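Values reported hereafter were calculated over all heavy atoms of this structure, with side chains retained and with hydrogens, waters and symmetry mates removed. Being a predicted model, the structure only gives us computed values, none of them experimental. A, B, ... follow the sequence lines: proteins, then strands. Residue 1 opens every chain.
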Number of protein chains: 2
Amino acid sequence: MARLPEYLRALHNLAETGHETISSEGLANAAGVNSAKLRKDLSQLGSYGTRGVGYDVGLLIEQIEYVLGLTQRRAVALVGVGNLGHALAGYDGFATRGFRIAALFDADPGRVGEEINGLVVRHIDELPQVAADESIAIGVIATPAAAAQQVADQLVAVGVTSILNFAPCVLSVPPGVDVRKVDLAIELQILSFHEHRKASLTAFPTTGGSALTALPNGFVVTESQEAIGT
Amino acid sequence: MARLPEYLRALHNLAETGHETISSEGLANAAGVNSAKLRKDLSQLGSYGTRGVGYDVGLLIEQIEYVLGLTQRRAVALVGVGNLGHALAGYDGFATRGFRIAALFDADPGRVGEEINGLVVRHIDELPQVAADESIAIGVIATPAAAAQQVADQLVAVGVTSILNFAPCVLSVPPGVDVRKVDLAIELQILSFHEHRKASLTAFPTTGGSALTALPNGFVVTESQEAIGT
DNA sequence: AGGCGCTTGTGAAGACGTGCACAAATCGCG
DNA sequence: CGCGATTTGTGCACGTCTTCACAAGCGCCT
């Protein structure tokens, strides 16, 4: 389930503040979800808490990390060291949450050789050699949209089976390869939609706005703050 | 609907390549969704294509932009000019897709005064004055998790009603304020989960892996490449 | 003018996720 | 040792989203 990482983060917070056990309601609050949903998610894990007491924080962390495959520190290849790629290369959230950026690549010869956070940027053509040394299963694409598909093909060719794509385009990959897409502009556009809806609702509180302003069969958006699918 | 921005991007691509009309199936392919789903989404818009022909690309772009509230260029305030915030401030995808970064803020005096992409970083305490000048409805939080809640409160206090949160924590905001969260590490962890699942499936193809490796009532994940909710 | 092929829009069925409400289980205390 | 307070795990019902399949409509060609 896609909510597990959120639970995991909340659990780490709780562990740091000294909690040894946590009730489903407490954890649900910390993760921003319904407590019944959380219990159902955790029950699917097969892991069990203790009735009357709650869940053992340490044990639950172990379980979730195991299910997420975080017991091994996974090597990630980052392609595209532009504006965004630069920030990603320096983002310590990856290192602290189970991942190791193993190599940086770019197609621009002007960027090759640059050192970021202790890692040297290599040319994308060196990808096969690097992949032969390190077992890289996850690739991150932070290139312009025009280059993304080609990079994806190259990643797949060297055995990458999971791709995190920041380029605003749809990638086509063979079956068995997972792609997750993060489009920052789309996130803002969704917020803009909410803004627009709110504005027209206050303007025409009874009608819900014109047929074009708000959608005919009124989109009622409940629980926000959840940007996770699949 | 949260898929509209994706359609919009695909439509812009089509417009640039000279298409004047597009069938639901063609657009569905470009956006990476099912054609029936796309038709249903568009029919809810109230906008109509022409049977036997398809949708008018230009008209559809107008309609979607209107529904998303992109007819006005929205002003965005970005708080936190660290690693990630720096990249966001320079990300031209915002400017080209309907948004204008109106102001940059940070709490670190050492960063105040720095100029990024033509904008000067101001101290977070100046937020009320800036908000008085410009009508800012959307805020982006790119601070460390420890500061995020406080920043969110400050944003809400000056009238921001939509927040895009990059900090790995849950924000609590009053009703009427929308929050979308993007956690880069979580995206990778979800991919890691897929990796783990794939690895155990190939190891034990018949059983689907041990009860802990893969989930008991096997998660079959279809259609990936969709990271949008709400 | 008429028919044919193509495409939209939508009804209906099915899958899926969500939340309630309660039984089962555990701990602590008298 | 037993009882009550508390919390998990889950059956059930409900609403939403997805997908199929097809009728209605439009343009083009003869």
Side-chain angles (χ1 to χ4, degrees), chain A residues 1-4 6-7 11 14 19-57 59-60 63-64 190 211 215-230, chain B residues 1-4 6-7 10-11 14 19-57 59-60 63-64 190 211-212 215-230:
Chain A
M1 199 58 78
R3 282 183 295 266
L4 289 180
E6 192 71 36
Y7 301 158
L11 283 166
L14 289 167
H19 295 73
E20 300 215 337
T21 64
I22 182 70
S23 70
S24 66
E25 188 139 349
L27 183 53
N29 278 10
V33 300
N34 183 298
S35 72
K37 202 192 303 191
L38 180 134
R39 282 200 301 278
K40 197 152 279 188
D41 287 346
L42 292 187
S43 76
Q44 301 237 332
L45 273 183
S47 110
Y48 26 89
T50 315
R51 302 184 185 217
V53 177
Y55 297 91
D56 181 293
V57 173
L59 179 65
L60 204 49
Q63 294 259 350
I64 293 182
I190 294 173
L215 278 30
N217 24 6
F219 280 95
V220 176
V221 178
T222 54
E223 179 168 321
S224 173
Q225 198 152 171
E226 207 161 346
I228 290 180
T230 297
Chain B
M1 201 54 82
R3 282 183 295 266
L4 289 180
E6 192 72 34
Y7 301 159
L11 284 166
L14 288 166
H19 295 74
E20 300 215 336
T21 64
I22 182 70
S23 71
S24 66
E25 188 139 349
L27 182 53
N29 279 8
V33 300
N34 183 300
S35 72
K37 201 193 304 193
L38 181 134
R39 283 202 299 278
K40 195 148 278 188
D41 287 346
L42 292 187
S43 76
Q44 301 236 333
L45 273 182
S47 108
Y48 26 89
T50 315
R51 302 181 186 220
V53 177
Y55 297 91
D56 181 293
V57 173
L59 180 65
L60 205 49
Q63 295 258 351
I64 293 182
I190 293 173
L212 278 178
L215 278 30
N217 25 4
F219 280 95
V220 176
V221 179
T222 54
E223 177 168 320
S224 174
Q225 199 153 170
E226 205 160 345
I228 291 181
T230 298

Roughly how many Å is it from CZ in B/R39 to C1' in D/dA21, rounded to a whole number?
10 Å

Tell me: CG of A/D56 to C1' of D/dT8, nearest whole Å?
15 Å

Would you say the side chain of B/L27 lies within less than 4.5 Å of the side chain of B/L60, judging by non-hydrogen atoms?
yes

Under-3.5 Å N/O pairs linking protein and nucleotides 26-30 of chain D:
unit_1 : atom_1 : unit_2 : atom_2 : d
D/dC26 : O4'    : B/R51  : O      : 3.4

Does B/N34 place a side-chain N or O at less than 4.0 Å from the phosphate oxygens OP1/OP2 of D/dC20?
yes

What is the distance, to the nearest angstrom, from the CE atom on A/M1 to the C1' atom on C/dG17?
8 Å

Just the rounded figure in Å: distance from C1' of C/dG14 to NZ of B/K37.
15 Å

Out of curiosity, A/E6 CD to A/L38 CG, how far, rounded to the nearest 0.5 Å?
11.0 Å

Report the distance from atom CG of B/L38 to atom P of C/dG9, rounded to the nearest whole Å.
10 Å

Indicate whether OP1 or OP2 belonging to D/dG9 is found under 4.0 Å from a side-chain N or O atom of A/Y55.
yes

By side-chain contact (heavy atoms from CB on, under 4.5 Å), which residues pair with A/D56, not counting sequence neighbours?
A/L59

Rounded to whole Å, the CD-P distance (A/Q44 to C/dG17) equals 9 Å

My understanding is that only residues two or more places apart in sequence, or in another chain, count here; which of them pass side-chain contact (heavy atoms from CB on, under 4.5 Å) with A/S35?
A/S24, A/E25, A/A28, A/R39

Any donor-acceptor N/O pair, B/S23 side chain to B/G26 backbone, under 3.5 Å:
yes

Heavy atoms, side chains only, cut-off 4.5 Å: are B/T21 and B/Y55 in contact?
no

Is there a residue in residues 23-30 of chain B whose heavy atoms reach under 4.0 Å of DNA chain D, and which residues are they?
none

Spatial distance of atom CG (A/L4) from atom CD (A/Q63) [nearest 0.5 Å]:
11.0 Å

Of the candidates D/dT18, C/dA21, C/dT8, the side chain of A/A36 sits closest to C/dA21

May I have the distance from B/L42 (atom CG) to C/dT10 (atom P), rounded to whole angstrom?
12 Å

For B/D41 and D/dC17, what is the distance between atoms CG and P respectively, to the nearest whole Å?
10 Å

Whether each nucleotide of nucleotides 11-16 of chain D has a protein heavy atom under 4.0 Å at its base (B), only at its sugar-phosphate (S) or at neither (-) is summarised, 5' to 3', as BB----

What pairs with A/Y7 under side-chain hydrogen bond (donor to acceptor under 3.5 Å, both in side chains), at least two apart in sequence or on another chain?
A/R3, A/D41

